[in-house]
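Report on the structure given below.
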Amino acid sequence: MNRTLITSALPYINGVKHLGNLIGSQLPSDVYARFCRAKGHEVMFICATDEHGTPAELAAAKAGKNVADYCMEMHDVQFELARGFRLSFDHFGRSSSEQNHLLTQYFAGKLAENGLIEEISEKQVYSNTDKRYLPDRYIEGECPNCGSPDARGDQCENCTKQLEPTDLINPRSAISGSTDLEVRETKHLYLKQSKMREKLDNWIKQKSDWPILTTSIAKKWLHDGDGLQDRGITRDLDWGVPVKKGAVDWGGMEGKVFYVWFDAPIEYIAATAEWAAKNNKPKEEWERWWRTDKGAENVNYVQFMGKDNVPFHTLSFPATIMGADDNWKLVDFIKSFNYLNYDGGQFSTSKGRGVFMNQALDILPSDYWRWWLLSNVPESSDSEFTWDSFQQGVNKDLADVLGNFVSRITKFCRSKFGEIIPEGNEYGPREFTVINQLEERIASYENNMAKMEVRKSAADLRAIWSIGNEYLQDAAPWTLFKEDPQSSATIVRFALNLIPLYAALSEPFIPDATDTMVTAMNVDKLWPENISNSLTLLKAGHKFSVPEVMFAKITDEAREEMNEKFSGKK
RNA sequence: GGGCCUGUAGCUCAGUUGGUUAGAGCAGAGCGCUCAUAACGCUUUGGUCGCAGGUUCGAGUCCUGCCGGGCCUACCA
């Protein structure tokens with residue numbers, strides 16, 4: 001049996017994510033996971049909240065909560081939203097879990113053992129008022145280059161010059177505005193990625209089938225300037241995984257934690273361990289996904305992420321895995337995405353611009369969002385959400401093409417034959433032609449799905465739905481009924497049989513609609529392995545019911561209202 | 001500044017290793033149908049493929065330059 005391990009980039013903990021975050025990894029990974037399951041793969045689909053780092057601490061402080069409580073609450077919020085969007089994770093973990101603490105410390109220990117960790121003493125800015133070290137971008141001041149008063153410690157946004165925090169004139173804390181800052185000497189661990197450069201380079205070179213977006217970013221980091229740089233993997237923070245060498249304390253590293261980007265990818269593994277613990281499964285059950293010496297050698301591991309995550313998944317995390325040199329599973333394929341913009345600009349949490357996951361579900365059910373987002377996923381370049389496009393895509397594809405097909409044939413049958421599959425004759429040439437068309441399109445659909453070509457898959461699916469309307473129009477059972485009800489019944493039986501087929505094929509994109517169709521037709525969901533056979537599943541005499549309108553249309557008034565509401569006036 | 005991606009019909013996008021009349025969906029126009037969520041089907045109008053050179057028997061596809069859009073540039077994650 002095919003075994004597929006799928007991970008989605010971890011959403012950060014500091015708030016509800018917007019639609020751009022959703023379509024950037026979670027949603028496409030869910031489509032792929034559902035497809036693999038439907039094709040009979042054994043699937044492990046993992047996601048988690050990424051809970052460490054300065055922004056989490058600040059968000060908690062702002063909410064007036066201690067960071068552990070805050071993260072627990074936000075994890076629950078994100079978990080519920082994931083359910084709301086029907087994301088079918090086998091486990092949605094937390095990077096703050098005990099499992100991740102242990103594994104992160106284990107990996108650090110292994111890397112140290114293998115000579116890949118270096119202790120470096122460096123100077124960091126400390127804020128006495130905030131009682132914390134400040135990351136470069138949390139220090140603001142006047143730009144020495146252009147004089148902008150709001151330059152950040154890593155870069156001036158006004159003149160784009162790269163800066164060091166000590167370059168700033170009159171530096172202040174971005175958190176409190178305090179100028180009571182001092183430079184302190186502090187020791188940190190660095191992952192010697194530079195030593196792994198050749199190995200990583202050779203590995204990336206083999207991946208000619210990966211998206212260009214993925215490999216070009218990796219190559220840039222490998223070859224730019226002096227090549228791949230070592231990376232600090234510890235921070236002076238309270239909240240995080242305490243720095244340890246495996247199970248033992250790390251001298252000189254007291255009070256420090258691992259950098260969020262070191263522990264976050266390890267959470268993919270740890271979350272699988274969380275899954276095992278939660279389901280009372282032994283250690284072997286998660287190790288067979290992650291240890292090539294314990295069953296993972298035949299696992300196909302696919303990662304999904306936005307382009308901002310690519311360097312960490314193509315270089316840092318593989319450096320950790322390779323560097324540990326202990327039979328851990330490396331990723332086989334990285335599917336990366338561009339950004340979704342909102343109506344001519346970026347989504348913005350601070351400006352209240354764009355649609356966030358909770359708001360989206362308040363407006364319309366998840367299928368609407370899933371369909372539009374997936375059929376417009378930023379695959380080859382950045383793409384853009386507009387209410388106009390959303391209304392048009394949803395109304396046309398879901399309401400008119402699919403929803404109306406289901407509606408017209410079930411209602412026609414009910415009025416002429418009742419809510420029961422009529423018998424009629426054997427299928428004839430017209431039906432065989434349609435079967436051929438379906439076979440062709442479904443083959444294309446499956447091929448594109450297997451390649452994770454999401455947009456093309458959506459286009460195929462839509463074309464498959466459309467075949468039903470073309471058939472009905474051509475066969476016109478309503479005309480035939482007047483003189484030859486028997487032949488009309490054949491057409492109705494065939495058309496009704498399309499509904500379970502559509503239900504199964506549509507499930508990766510619009511799972512709720514699949515449930516509606518399956519329930520209405522009173523059948524089990526079954527991925528078609530043989531199209532001809534699958535269109536004879538509903539036999540004469542089988543009872544069904546006419547479903548409620550599957551997709552109500554978005555009105556012009558509603559569109560205008562939403563457009564106004566989310567434009568981010570303030 | 002450097003690097004990467006991108007520019008194909010009004011809009012959103014496909015265009016395989018360069019090969020005959022450049023495709024799809026939406027929008028527009030016309031016709032048809034009346035089972036259906038004023039839905040559906042058929043036909044059809046739109047493109048000197050950003051611009052200028054070059055390579056080639058042949059370029060949307062390769063090369064060079066220019067113009068426009070986007071992203072990344074390592075302490076946000």
Side-chain angles (χ1 to χ4, degrees), chain A residues 9-14 21 50-56 58 122 124-125 133-139 152-155 160-162 164-165 174 188 193 211-213 215-217 219-221 223-225 228-232 235 259-261 264 306-312 315-316 338-339 341 346 375-376 378-384 386 388-389 392-393 395-416 453 455-456 458-459 462-463 466 468-479 481 488 491-492 495 546 548-553:
Chain A
L10 309 185
Y12 196 64
I13 195 70
N14 68 340
N21 297 126
D50 178 12
E51 305 192 357
H52 299 137
T54 307
L58 297 180
E122 57 189 15
Q124 284 281 307
V125 174
Y133 283 91
L134 299 176
D136 291 358
R137 69 169 48 202
Y138 283 96
I139 303 158
R152 288 190 324 220
D154 56 342
Q155 184 175 43
T160 73
K161 186 175 168 60
Q162 307 234 355
E164 292 296 318
H188 281 295
Q193 297 186 139
I212 284 178
L213 184 64
T215 50
S216 67
I217 292 172
K219 285 174 182 167
K220 156 82 168 156
W221 281 53
H223 301 295
D224 191 40
L228 189 61
Q229 302 296 297
D230 296 340
R231 179 176 276 273
R235 291 290 183 273
Y259 177 39
V260 53
W261 258 115
K307 57 186 167 188
D308 51 334
N309 278 327
V310 168
F312 302 99
L315 303 168
S316 304
N338 288 283
Y339 292 144
N341 291 318
Q346 296 197 331
S375 54
N376 292 280
E379 220 160 18
S380 56
S381 61
D382 290 354
S383 65
E384 179 163 307
T386 63
D388 202 48
S389 170
Q392 204 170 76
N395 285 358
K396 197 72 203 169
D397 300 344
L398 296 182
D400 295 346
V401 176
L402 176 62
N404 186 52
F405 170 76
V406 172
S407 182
R408 67 194 295 206
I409 187 57
T410 52
K411 285 179 179 168
F412 180 73
C413 182
R414 179 172 65 185
S415 74
K416 304 300 182 198
E453 293 278 0
R455 267 185 193 242
K456 287 179 182 172
R462 198 200 117 101
S466 199
N469 283 315
E470 290 164 26
Y471 169 74
L472 275 187
Q473 201 63 35
D474 182 48
W478 44 87
T479 306
F481 184 78
S488 177
I491 295 161
V492 171
V546 173
E548 298 293 309
V549 165
M550 288 171 59
F551 299 99
K553 292 203 195 186

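Sequence lines set the chain letters: A, B, ... in the order given, protein chains first and strands last, and positions in each chain run from 1.
Across all strands shown, C57(B) pairs with G19(B); the Watson-Crick or G-U wobble distances both stay below 3.5 Å. In this structure C11(B) sits in a base pair with G25(B), meeting the Watson-Crick or G-U test at under 3.5 Å. Nucleotide G1(B) has U73(B) as its partner under the Watson-Crick or G-U criteria, with both atom distances under 3.5 Å.
Mapping Asn376(A) and Asn469(A) onto RNA chain B by nearest heavy atom places Asn376(A) closer to the 5' end of the strand. Each of Ser407(A) and Asp230(A) lies near RNA chain B, and the nucleotide nearest Ser407(A) is the one positioned closer to the 5' end.
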Problem - Evaluation steps, side chain to side chain contact (heavy atoms under 4.5 Å, CB included), between Arg462(A) and Lys396(A) - result: CA-CA 10 Å; Arg462(A) 198 200 117 101; Lys396(A) 197 72 203 169; 4.0 Å; yes

Practice task
Tell me, with the steps shown, if Asp397(A) and Leu402(A) meet side chain to side chain contact (heavy atoms under 4.5 Å, CB included).
Solution key: CA-CA 6 Å; Asp397(A) 300 344; Leu402(A) 176 62; over 6 Å; no

Exercise for the section: Could you walk me through whether Leu10(A) and Glu51(A) pass the side chain to side chain contact (heavy atoms under 4.5 Å, CB included) test, one step at a time? Expected result: CA-CA 9 Å; Leu10(A) 309 185; Glu51(A) 305 192 357; over 6 Å; no

Problem - Intermediate values then yes/no, side chain to side chain contact (heavy atoms under 4.5 Å, CB included), Ile491(A) and Trp478(A) - result: CA-CA 10 Å; Ile491(A) 295 161; Trp478(A) 44 87; over 6 Å; no

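Using a 4.0 Å cut-off, no side-chain N or O of Arg408(A) falls inside it from OP1 or OP2 of C40(B). For U12(B), the OP1/OP2 oxygens have no side-chain nitrogen or oxygen of Ser380(A) closer than 4.0 Å. Checking the phosphate oxygens (OP1, OP2) of C75(B), a side-chain nitrogen or oxygen of Arg231(A) falls inside 4.0 Å. The phosphate of C72(B) (OP1 or OP2) has a side-chain N or O of Tyr339(A) nearer than 4.0 angstrom. For Tyr259(A), no side-chain nitrogen or oxygen approaches OP1 or OP2 of C76(B) to under 4.0 Å. In terms of phosphate contacts, Lys307(A) brings no side-chain nitrogen or oxygen within less than 4.0 Å of OP1 or OP2 of G70(B). For U12(B), the OP1/OP2 oxygens have no side-chain nitrogen or oxygen of Lys456(A) closer than 4.0 Å. A close approach under 4.0 Å does not occur between any side-chain nitrogen or oxygen of Arg137(A) and OP1 or OP2 of A77(B).
Heavy atoms of Lys553(A) sit under 4.0 angstrom from at least one base atom. Ser216(A) comes within 4.0 angstrom of the backbone, heavy atoms only, and of no base. When heavy atoms are screened at a 4.0 angstrom cut-off, Asp50(A) is found touching the sugar-phosphate backbone but no base atom. Contact annotation for Glu122(A): base contact, defined as any heavy-atom pair under 4.0 Å involving a base atom. No engagement by Ser389(A) is indicated, since no non-hydrogen atom pair under 4.0 Å with the nucleic acid exists. Within 4.0 Å (heavy atoms only), Phe405(A) reaches no atom of the nucleic acid at all. Across all strands, Gly403(A) comes closer than 4.0 Å to base atoms (heavy-atom distances). Base engagement by Asp308(A) is indicated by at least one non-hydrogen atom pair under 4.0 Å involving a base atom. Residue contacts shown for Ile212(A) are limited to sugar-phosphate atoms, with no base heavy atom under 4.0 Å away. When heavy atoms are screened at a 4.0 angstrom cut-off, Thr410(A) is found touching no nucleic acid atom at all. Residue-level contact check: Gln392(A) touches the backbone only, with heavy atoms under 4.0 Å from sugar-phosphate atoms and none from bases. As judged by a 4.0 angstrom heavy-atom cut-off over every strand, Gln124(A) is placed among the base-contacting residues.
The separation between Glu548(A) atom CD and A36(B) atom C1' is 15 Å, rounded to whole Å. The NZ atom of Lys396(A) sits 15 Å away from the P atom of U37(B) (whole-angstrom rounding). If you measure from atom CG of Asn14(A) to atom C1' of A77(B), you get 8 Å, rounded to the nearest angstrom. When the P atom of U73(B) is taken as reference, atom CG of Asn309(A) falls 11 Å away, rounded to whole Å. Per the geometry, CD belonging to Glu453(A) stands 15 Å off P belonging to C13(B), to the nearest Å. Rounded to an integer number of Å, the gap from CG of Leu402(A) to C1' of A39(B) is 13 Å. At whole-Å resolution of the value, CG in Asp400(A) and C1' in C26(B) are 12 Å apart. Atom pair Ile139(A):CD1 and C76(B):P shows a separation of 10 Å (rounding to whole Å applied).
Distance check on atom P: C11(B) versus A27(B) gives 15 Å, rounded to whole Å. Atom name C1', nucleotides C72(B) and G65(B): the rounded distance is 24 Å, in whole Å. For the C1' atom pair drawn from U21(B) and G25(B), the interatomic distance equals 22 Å after rounding to whole Å. For the P atoms, the distance from U56(B) to U12(B) is 37 Å, rounded to whole Å. Taking the C1' atom of each, U55(B) and U16(B) are spaced 22 Å apart, rounded to whole Å. On the C1' atoms, C57(B) is 16 Å away from C62(B), given to the nearest whole Å. The C1' atoms of U17(B) and G41(B) are separated by 39 Å, rounded to the nearest whole Å. One C1' atom belongs to C35(B), the other to G7(B), and the distance between them is 45 Å to the nearest Å.
With distances taken from any side-chain atom of Lys220(A) to the nucleotides A77(B), G2(B), C13(B), the minimum falls on G2(B). Listed nucleotides C26(B), C72(B), A36(B) differ in distance to Arg462(A); the shortest reach to its side chain belongs to C26(B). Proximity note for Trp478(A) (side chain, C-beta onward) versus C33(B), A77(B), U12(B): the nearest is C33(B). Checking C71(B), A74(B), U37(B) against the side-chain heavy atoms of Val549(A) singles out U37(B) as nearest. Side-chain proximity of Gln473(A) to C72(B), C35(B), G25(B): nearest is C35(B). Comparing A77(B), A36(B), U37(B) against the side chain of Val260(A) picks out A77(B) as the nearest.
The closest donor-acceptor contact from the side chain of Asp50(A) to the backbone of Pro11(A) lies at 3.5 Å or more, if one exists at all. A donor-acceptor pair is defined here as one N or O able to donate and one able to accept, closer than 3.5 Å; no such pair exists between the side chain of Asn338(A) and the backbone of Ser383(A). In this structure, the side chain of Ser407(A) does not engage the main chain of Gly403(A) through any donor-acceptor pair within 3.5 Å. Asp136(A) contributes no side-chain N or O that, together with a main-chain N or O of Pro165(A), makes up a donor-acceptor pair within less than 3.5 Å. Between the Tyr12(A) side chain and the Ala56(A) main chain, a donor and an acceptor come within less than 3.5 Å of each other.
Note on ring orientation: taking the six-membered ring where Trp is involved, the planes of Phe481(A) and Phe412(A) are perpendicular (angle over 60°, cut-offs 30° and 60°).
Against the 90° criterion about 0, the sugar-base torsion of G65(B) places it in the anti range.
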